[in-house]
Amino acid sequence: MTIETSRRTFLKGAATTAILAVGFDVKGVLANTAQGGNLTPFVKIGADGRVCAIVKHFEMGQGTSTGLTTLIAEELGLTLDQIDHEFAPSDPGVYNNLFFGPFQGTGGSTAMANSYLQYRQAGAAAREMLLSAAGEAWGVSPSELTLKDGQISGAGNSAPMADFVAAAATQTVPENPVLKDPSEFRVIGSPTPARKDTPHKINGQAIFGMDMQLDDQMVVVIKRSPRHGGVLADFDDSAAKNLPGYVMAQGLPNGKGLAVFADKTWSAFQARDLIDATWDDSAAETRSSDAIREELTAMVNTDPAFDASPEVDFADTVAALDGAAQIIERDFYFPMLAHAPMEPMGCTIAPDGDGVVIYDGAQGPTMPHGVAAQILELPMEKIRIHTLYAGGSFGRRLTVDSDYHVEAVLSFAMTDRTRPVKLVWSREDDLTGGYYRPAMLHKARLGLDADGKIVGWDHRVAGQSIFKGTAFESFIVRDGVDMASVEGIPDTDYAIPNLSVGLTDAKASTSVCWWRSVGHSHTAFVMETMMDLAAEAAGADPVDYRLGYLPGDTPEQARLATVLKEAAEKANWGKAADGRYQGVAVHKSFGSFVAEVVEISGDAESGVKIEKVTCAVDCGLAVNPDVVRAQMEGGIGYGIGHVMRNQITLEEGAVYEQNFPDYEPLRISDIGAIETHIIASAEAPTGVGEPGTPPSAPALGNAIAAAGTRVTVMPMANNGVNFV
């Protein structure tokens with residue numbers, strides 16, 4: 001059973017039990033309980049020799065509980081079934097994401113990349129301490145000893161490592177433990193170990209946020225304005241007062257909704273439906289999606305507000321285009337998209353002595369921790385975040401304003417604070433009142449010379465900024481450019497001359513948030529579609545044409561070329577059977593390099609069937625190859641499913657789509673097969689949760705174009721493509 005304990009609870013237990021705990025202190029130095037100080041453990045070994053990895057990143061299905069545990073297991077010579085794991089407490093001082101500063105959170109496909117050395121160092125330090133303790137007991141040098149499968153042996157001796165846990169716990173942690181050489185790896189890179197979370201999810205032991213049931217808890221649901229920005233004006237709950245289980249209704253102090261309390265979830269939803277609420281929509285969004293699209297179109301047809309490629313002289317781009325032998329120009333529209341995880345939002349907050357505990361699939365525990373402290377006027381140490389499994393996220397569980405956490409804490413604060421309060425969102429709540437990938441519109445115009453080579457590229461982007469006005473602005477916005485809106489264009493690894501990129505921010509229409517692969521989810525589509533169009537105009541093979549712009553002058557170009565060649569070879573590029581068509585795309589995101597070939601049958605009019613997707617990925621060292629393949633499959637399905645038929649549309653400011661019949665998820669029958677090939681690499685691990693998504697949609701679009709129809713307005717099903 002995966003659990004999570006508070007730091008103070010763990011240290012109290014460690015003080016009374018023979019236990020070896022190795023982690024880092026507040027200065028980032030390896031330490032253990034015997035050295036005192038503010039130890040925050042990454043690995044614990046009990047008196048019985050059982051090992052537990054403390055996982056600082058939450059598990060939403062992406063495999064972190066397996067990946068981080070693997071690193072500890074490798075350095076301690078264990079198999080994955082010989083080690084447990086639990087989620088770390090909220091402690092950004094040590095469990096912070098090394099790429100995010102003083103913030104504990106999971107996102108940007110960073111879990112393995114930022115934790116790889118930390119977890120290996122903690123495991124290696126524990127190994128050296130155990131071997132040192134055994135060496136002292138046997139009077140031999142620790143260099144003569146080995147630790148494997150829980151047994152320490154060497155120099156004619158052998159004993160369970162449990163025999164040396166107490167002695168090891170008293171030793172000083174080595175400052176620079178020696179990490180295993182990759183030639184010694186048994187579990188890192190192994191294709192066979194099963195995921196750590198799979199058995200719990202099969203047998204029902206895994207506890208998700210929506211599973212929490214505490215004694216005497218109340219359930220709260222929120223009635224919200226159908227329009228973004230609307231606030232509560234008044235309400236009448238007289239029709240709900242006789243409903244069994246109904247407790248009360250109160251307006252949230254921030255005006256963003258009406259909190260409806262009941263003893264049970266169904267009673268809360270019934271009561272919410274019976275309550276008559278009126279809204280002040282004077283500051284709310286009232287535009288339709290068509291009007292927003294028209295505004296975006298106007299923006300890309302005028303001079304951009306910000307220059308996203310200042311190193312390129314736009315005058316040179318204009319001159320190159322003016323002298324081009326051929327011009328290719330296209331507009332691309334991408335509608336708003338919902339994250340739509342299988343488990344909607346929600347969390348539970350309960351009294352905990354003179355503090356509180358929040359039970360949540362916490363993607364960024366630092367934020368709800370701070371929110372609760374501010375609203376409840378409690379010191380941080382009086383608040384505990386108990387991290388549970390999450391049923392997907394794709395970015396939704398980590399918003400810039402901790403939206404659902406604020407609702408939960410405000411609701412709890414309005415009670416007498418003696419009963420737990422569980423916040424529940426319905427699917428309809430999530431689709432109509434959630435956070436979205438913003439609508440984006442691109443205009444790309446490139447010129448070719450007489451030989452079909454690109455001489456200039458004018459690329460303009462318009463859409464709502466995700467990061468401006470948030471606490472993350474200083475990290476992402478540069479000279480007015482929200483880099484998340486254009487990432488993948490000005491920083492492309494293609495050797496494209498005179499590539500000018502302009503950006504114009506659109507007026508906010510809804511709450512927006514990072515969506516799986518963020519800006520890459522639309523920029524890759526445009527880049528790879530335009531490269532396909534250029535290859536077509538040049539009379540060149542699409543793979544060969546791309547390779548011509550990846551000459552290998554940089555390591556990134558070489559790695560992109562490698563995955564592109566691998567995907568093409570494994571897909572038998574150019575050798576599709578009669579009635580089948582192939583499309584290709586390659587893209588780098590989150591430090592990883594991914595190429596995909598989509599093979600379809602049929603055509604846009606008679607019906608497209610996706611027969612196969614062939615993927616090649618270079619993510620550095622693949623710690624868990626099976627997890628890598630699963631993430632590539634998930635990312636591919638996510639990207640293809642949304643571009644096929646998904647959109648969030650506004651009608652006078654209100655979201656039209658309500659549930660999965662209106663916003664249909666990808667079905668397993670939509671893709672015939674997915675085949676993933678992992679490039680062997682000794683480079684440090686990089687992300688896999690998001691990089692599979694960006695190339696998937698353009699590869700599909702290029703395959704459909706090969707069958708005769710080029711689509712640049714999404715979703716495809718609404719713009720001339722039938723899927724079967």
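When all heavy atoms of A717 and R645 are compared, the closest pair comes out as CB-CB, 4.0 Å. In terms of heavy atoms, I648 sits closest to V655 at CG2-CG1, 3.8 Å. T387 approaches A362 most closely through the heavy-atom pair OG1-CB, 3.8 Å. Across all their heavy atoms, G107 and Q363 have their closest contact at CA-NE2, 4.3 Å. Heavy atoms only, all atoms of each residue included: P92 and P102 are closest at CB-O, 4.0 Å. The shortest non-hydrogen separation linking G230 to A284 is N-CB, 3.6 Å.
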Criterion ring pair (Phe, Tyr, Trp, His ring centres under 6.0 Å) on H442 and F334, from CA distance to verdict = CA-CA 9 Å; H442 294 236; F334 303 91; 5.6 Å; yes
Step-by-step side chain to side chain donor-acceptor pair (under 3.5 Å) determination, T649 to E657 = CA-CA 7 Å; T649 57; E657 290 74 20; 2.9 Å; yes
Kindly determine whether D403 and R396 satisfy salt bridge (Lys or Arg N to Asp or Glu O under 4.0 Å), including the steps that lead there.
-> CA-CA 10 Å; D403 64 307; R396 177 62 184 90; 2.8 Å; yes
Please walk me through it: do N659 and E428 pass side chain to side chain donor-acceptor pair (under 3.5 Å)?
-> CA-CA 6 Å; N659 207 314; E428 290 80 3; 2.7 Å; yes
Output, in order, the C-alpha distance, side-chain angles, deciding distance and verdict of ring pair (Phe, Tyr, Trp, His ring centres under 6.0 Å) for Y663 and H642.
-> CA-CA 9 Å; Y663 195 88; H642 279 83; 5.7 Å; yes
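For the pair S289 (side chain) and L650 (backbone), a donor-acceptor distance under 3.5 Å is present. Proximity of a side-chain donor or acceptor of Q217 to a complementary backbone N or O of L214 within less than 3.5 Å is detected. Looking at T470, its side chain does come within 3.5 Å of a backbone N or O of F467 through a donor-acceptor pair. Using modelled atom types, one side-chain atom of T64 and one backbone atom of F58 make a donor-acceptor pair closer than 3.5 Å. Put simply, the side chain of D211 never gets that close to the backbone of I207: no donor and acceptor are under 3.5 Å apart. Although no hydrogens or angles enter the test, the distance criterion places a donor-acceptor pair under 3.5 Å between the side chain of R227 and the main chain of E652. Here the side chain of Q464 pairs no donor or acceptor atom with the backbone of D505 at under 3.5 angstrom. With hydrogens and angles disregarded, no donor-acceptor distance shorter than 3.5 Å links the side chain of S521 to the backbone of S517. Side chain of E690 to backbone of S109: a donor-acceptor contact under 3.5 angstrom is found.
At a threshold of 4.5 Å between non-hydrogen side-chain atoms, the residues D670 and F723 do not count as touching. Counting heavy atoms from C-beta outward, I222 and L258 have side chains that stay 4.5 Å or more apart. Taking 4.5 Å as the limit, some side-chain heavy atom of M644 sits within range of a side-chain heavy atom of I610. Side-chain contact between Y435 and V512 is absent, with no heavy atoms from C-beta onward closer than 4.5 Å. For the pair W279 and K223, the minimum side-chain heavy-atom distance is below 4.5 Å. The shortest distance between side-chain heavy atoms of V260 and V220 does not fall below 4.5 Å. The shortest side-chain heavy-atom distance between E86 and I54 falls under the 4.5 Å cut-off. Contact annotation: the side chain of F235 never approaches that of D276 to less than 4.5 Å [non-hydrogen atoms, C-beta and beyond].
Y389 carries K201 over the face of its six-membered ring, with the cationic atom under 6.0 Å from the centre and within 45° of the normal. Annotation: cation-pi geometry satisfied between R224 and W425 (NZ/CZ under 6.0 angstrom from ring centroid, within 45° of ring axis). For the pair R293 and Y333, the cation sits on the ring face: its NZ or CZ lies under 6.0 Å from the ring centre, inside 45° of the axis.
A donor-acceptor pair shorter than 3.5 Å cannot be found between the side chains of E633 and T676. H405 and D360 share a side-chain donor-acceptor pair at under 3.5 Å. For the residue pair S90 and H369, a side-chain donor N or O sits within less than 3.5 Å of a side-chain acceptor on the partner. Using modelled atom types, one finds no donor on one side chain facing an acceptor on the other under 3.5 Å when comparing N624 with K196.
Checked for salt-bridge contact, D482 and K468 miss the test: no charged N lies under 4.0 Å from a carboxylate O. Ionic pairing of R287 and E294 is not present here: no N-O contact between side-chain nitrogen and carboxylate oxygen is shorter than 4.0 angstrom. Classification of D215 and R419 as a salt-bridged pair fails, no side-chain N sitting under 4.0 Å from a carboxylate O. Ionic pairing of R195 and E59 is present here: one or more N-O contacts between side-chain nitrogen and carboxylate oxygen are shorter than 4.0 angstrom. D91 has no carboxylate O lying under 4.0 Å from a charged side-chain N of R384, or vice versa, which leaves the two without a salt bridge.
Sequence neighbours left out, not one pair with a member in residues 365-375 passes salt bridge (Lys or Arg N to Asp or Glu O under 4.0 Å).
Considering V713, V461, I292, L296 in turn, L296 is the only one that fulfils the side-chain contact (heavy atoms from CB on, under 4.5 Å) rule with L441. With F394 as the partner, the ring-ring contact (aromatic ring centres under 6.0 Å, His included) test is satisfied by one option alone out of Y638, W514, W515: Y638.
Atom CG of N203 is surrounded by more than 12 heavy atoms from other residues, nucleotides or ligands within 6.0 Å. Heavy atoms of other residues, nucleotides or ligands lying less than 6.0 angstrom from CD of Q658 number more than 12. Atom CZ of F208 has more than 12 neighbouring heavy atoms from other residues, nucleotides or ligands inside a 6.0 Å radius. For CD of Q374, the number of neighbouring non-hydrogen atoms (other residues, nucleotides, ligands) closer than 6.0 Å is 12 at most. Heavy-atom contacts from other residues, nucleotides or ligands closer than 6.0 Å to CZ of F475 number 12 or fewer.
Annotation: F87 is not in aromatic contact with H57 [ring centroid separation under 6.0 Å not met]. In this structure, F590 has its ring center closer than 6.0 angstrom to the ring center of H520.
Under the side chain to side chain donor-acceptor pair (under 3.5 Å) criterion, S288 pairs with no residue at all, not counting sequence neighbours. Under the side chain to side chain donor-acceptor pair (under 3.5 Å) criterion, Y359 pairs with no residue at all, not counting sequence neighbours. Qualifying side chain to side chain donor-acceptor pair (under 3.5 Å) partners for N646, counting only residues two or more places apart in sequence or in other chains: none. Not counting sequence neighbours, the partners of T110 by the side chain to side chain donor-acceptor pair (under 3.5 Å) test are N97.
Taking OG1 of T265 as the start and CD of Q270 as the end, the distance is 11.5 Å to the nearest 0.5 Å. Here the straight-line distance linking atom CD1 of I349 with atom CZ of R417 works out to 8.5 Å at 0.5 Å rounding.
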Could you go through residues 245-255 and list every donor-acceptor pair under 3.5 Å that involves a side-chain atom there, pairing it with any protein atom two or more places apart or in another chain?
unit_1, atom_1, unit_2, atom_2, d
Y246, OH, D237, OD2, 2.6
Y246, OH, A249, N, 3.1
N254, OD1, K256, N, 3.0

